[in-house]
Structures are given as C-alpha cells and as structure tokens.
Trainee: 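Have a look at this one before I ask anything.
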Amino acid sequence: QVQLVESGGGSVQAGGSLRLSCAASGYIYSYDTSSGCMAWFRQAPGKEREGVAAIYTGGGSIYYSDSVKGRFTISEDNAQNTVSLQMNNLKPEDTAMYYCAAGLRFCGNTQYALRVSNYKYWGQGTQVTVSS
C-alpha cells in the first residue's frame with residue numbers, strides 16, 4: 001500500500017520560512033526501481049490545484065513553477081525516502097493546502113512534471129498560512 005505523509009506546515013508572517021516534508025512508503029513505480037518523479041502541489045480555497053515543484057528522485061532534474069522559482073527549493077533524502085520543500089520569503093499568496101504527489105515514472109519537462117492529472121498517489125495535505 002502506497003502512503004505519502006506530509007508534515008511541516010504552519011503559520012508564518014510574510015518573509016518567513018517553512019520546510020515541508022513528504023515521507024513515502026510502499027511500491028510506487030511500475031519498474032523495479034525507487035526512482036521516479038515526485039512533486040509538491042498546492043490548492044488555495046476556491047482555486048484549482050497547481051504544481052509548485054517536482055524532482056526526479058535518485059539525483060535527477062528539478063522543476064519549479066514561475067511563482068516560486070528562487071524562493072522554494074525541492075530536495076530528496078533517499079535514505080529516508082523523503083522529499084522536502086524549503087520555502088523562503090513566503091508571501092500571503094503562498095497560503096494554501098500543500099500536497100505531496102508521486103507515481104509519475106518520468107518528469108519530462110516543467111509543464112508535464114507539474115500537471116495534476118499525471119500523478120497517481122497523493123498525500124492528505126498540510127496547511128500553510130502566511131499573514132501580511
């Protein structure tokens with residue numbers, strides 16, 4: 001059974017930082033490998049879910065949406081089966097529920113890697129609130 005468990009959300013003032021973590025367990029990919037594309041998405045009330053950042057695990061490429069490029073950093077810890085999202089210089093518009101996603105075999109390009117419909121497995125989400 002595949003499980004993705006997010007942690008690290010909270011409330012901060014604008015300009016502050018938070019670090020989100022996604023712990024993955026179970027057999028996620030179709031091939032005998034633990035590598036694949038994992039991503040962070042977010043969804044604000046009344047808005048569609050949008051891709052934030054993605055990484056090809058096992059030391060591969062990284063992708064960011066334009067809205068977070070230069071402020072957010074996605075990284076992986078293979079030993080812990082964890083993908084993290086370091087969020088700096090947070091803005092009120094970053095307020096949303098943040099979700100971890102997995103199950104995409106290859107990231108492709110930025111647009112493909114940050115497409116909601118490409119991911120098979122999702123975590124339960126962690127809330128990030130940024131006040132002005």
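Everything numeric here is computed off the predicted structure, so don't read it as measured data.
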Trainee: Is there a side-chain contact (heavy atoms from CB on, under 4.5 Å) between C37 and R105? Walk through the geometry before answering.
Mentor: CA-CA 6 Å; C37 195; R105 185 66 183 91; over 6 Å; no
Trainee: Can you tell me how far apart CD (E6) and SG (C22) are? Round to the nearest 0.5 Å.
Mentor: 5.5 Å
Trainee: N88 and S17: side-chain donor and acceptor closer than 3.5 Å?
Mentor: yes
Trainee: Between the main-chain N or O of S11 and the side-chain N or O of T129, is there a donor-acceptor pair closer than 3.5 Å?
Mentor: no
Trainee: Charged N to carboxylate O under 4.0 angstrom, K91 versus D94?
Mentor: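 Result for this pair is no, no salt bridge flagged.
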Trainee: Can you tell me how the ring of Y56 sits relative to the ring of F106, calling it parallel under 30°, perpendicular over 60° and tilted otherwise?
Mentor: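 Answer is parallel, since the angle falls under 30°.
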Trainee: Compare all side-chain heavy atoms of T73 with those of Y64 and state whether any distance is below 4.5 angstrom.
Mentor: yes
Trainee: Ring of Y99, cation from R42 - is the NZ or CZ under 6.0 Å from the centre and inside 45° of the axis?
Mentor: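 No.
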Trainee: Between Y121 (side chain only) and A24 (backbone N and O only), is there a donor and an acceptor less than 3.5 Å apart?
Mentor: no
Trainee: Is S65 close to Q111 at the side-chain level, that is, under 4.5 Å between some pair of heavy atoms?
Mentor: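 Heavy-atom side-chain distance check fails, nothing below 4.5 Å.
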Trainee: Who pairs with R115 by salt bridge (charged side-chain N to carboxylate O under 4.0 Å, His left out), at least two apart in sequence or on another chain?
Mentor: none
Trainee: Are the side chains of Y112 and N118 in touch, meaning some heavy atoms are under 4.5 Å apart?
Mentor: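 Yes, side chains in contact.
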Trainee: Taking C-beta and beyond as the side chain, do V128 and L18 meet within less than 4.5 Å on heavy atoms?
Mentor: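 Sidechains of L18 and V128: in contact.
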Trainee: Centroid-to-centroid, F41 to W122, below 6.0 Å?
Mentor: yes
